[in-house]
**Q** 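Take this structure, written in structure tokens, and hold onto it; I'll ask about it next.
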Amino acid sequence: MSYQVMTDKRPGWDEYFMGIVDAVSKRATCDRGKTAVILVKDKVILTTGYVGSPVGMPHCDDAGHLMKSITHEDGSTSQHCMRTNHAEVNAVALAAKKGISIDGATMYCKLAPCYTCAKMLINAGIKRIVCQKKYHRGSESLKLLDAAKVKVEILSNDVEEYKDQ
């Protein structure tokens, strides 16, 4: 019996977990962003979450988007789909439902969190966030996370682009 020697470099932990984020994002049911997160502690996945409607409710893929316009202090507007929960909300909700402590965990995500999710993650005890890309409205959330001493690492300066941003 012969064995093939692996010549590919074994991925580091961050690269490994970010690959899993990519796989989880394929379950997203809102095509705006297709985001996902995983919560990890001591190199063990605690929960996953992806953008999707509350359990038993219609998904964007089936019923269409439920869009709302938000006007910001600077006068600019942005569009948000209100039908779905953000991936962060779904991951934290799953942890609560299953009785899994996420205090001190690391979150791996496709996009940096929005301001509302950042507040929730601080209160949930998340200590480190690793993001593939920036969120187009993420500057305030990054300031908040920094003030709360949550370490944030953004792997690419790219900003996720999607329809009706």
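Because the structure is a prediction, the values reported are computed rather than measured. The residues of the chain are indexed from 1 along the displayed sequence.
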**Q** Within this structure, what is the CD1-NZ distance for the pair I102 and K127, rounded to the nearest 0.5 Å?
**A**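 One gets 11.0 Å once the value is rounded to the nearest 0.5 Å.
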
**Q** Calculate, to the nearest 0.5 Å, the distance between atoms CD1 and SG belonging to I154 and C109 respectively.
**A**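 These two atoms lie 8.5 Å from each other.
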
**Q** Would a hydrophobic clustering, with Ile, Leu, Val, Met, Phe, Trp and Tyr connected at side-chain separations under 4.5 Å, put L111 with M18?
**A**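 No; M18 is not reachable from L111 via cluster members.
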
**Q** Would you mind writing out the side-chain donor-acceptor pairs for residues 139-149 within the sub-3.5 Å range, not counting sequence neighbours?
**A**
{"from": "S141", "atom 1": "OG", "to": "P113", "atom 2": "O", "distance (Å)": "2.7"}
{"from": "S141", "atom 1": "OG", "to": "G138", "atom 2": "O", "distance (Å)": "2.9"}

**Q** Report the residues that fulfil side chain to side chain contact (heavy atoms under 4.5 Å, CB included) with A63, sequence neighbours left out, ordered by chain and then residue number.
**A**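 Once residues adjacent in sequence are excluded, the partners of A63 under the side chain to side chain contact (heavy atoms under 4.5 Å, CB included) criterion are P58, R83.
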
**Q** Quick one: closest heavy-atom pair of F17 and I45, and the distance?
**A**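 In terms of heavy atoms, the two residues are closest at CE2-CG1, 3.8 Å.
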
**Q** Identify the heavy atoms of C60 and S53 that sit nearest to each other, and give their distance.
**A**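 Where C60 meets S53 most closely, the heavy atoms are N-OG, 4.4 Å.
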
**Q** Going from OH on Y108 to CG on D14, what distance comes out if it is rounded to the nearest 0.5 angstrom?
**A**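 Going from the OH atom of Y108 to the CG atom of D14 covers 4.0 Å.
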
**Q** Give a yes or no answer on whether the side chain of K41 reaches the backbone of D103 with a donor-acceptor pair at less than 3.5 Å.
**A**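 Flag set: sc K41 to bb D103 pair under 3.5 Å.
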
**Q** Any link between Y16 and L155 through a network of hydrophobic side chains (Ile, Leu, Val, Met, Phe, Trp, Tyr) touching at under 4.5 Å?
**A**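 Hydrophobic grouping puts Y16 with L155.
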
**Q** Working to the nearest 0.5 Å, report the span between CD of E88 and SG of C114.
**A**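 Output value for this atom pair is 6.5 Å.
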
**Q** Decide if atom CG of D62 counts as having more than 12 heavy atoms of other residues, nucleotides or ligands within a radius under 6.0 Å.
**A**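 Enclosed: over 12 neighbouring heavy atoms sit under 6.0 Å from CG of D62.
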
**Q** Can V21 be reached from M107 by stepping across I, L, V, M, F, W or Y side chains whose heavy atoms are under 4.5 Å apart?
**A**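 M107 and V21: separate clusters.
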
**Q** Can you see which heavy atom on A28 is nearest to which on D61, and at what distance?
**A**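 In terms of heavy atoms, the two residues are closest at O-OD2, 4.0 Å.
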
**Q** Applying side chain to side chain contact (heavy atoms under 4.5 Å, CB included) between I126 and each of V37, L39, V92, report the one that passes.
**A**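 With I126 as partner, V37, L39, V92 yield a single side chain to side chain contact (heavy atoms under 4.5 Å, CB included), made by L39.
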
**Q** Taking all non-hydrogen atoms of both residues into account, name the closest pair between L46 and I100 and its distance.
**A**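 Scanning both residues, the minimum pair turns out to be O-CD1, 3.6 Å.
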
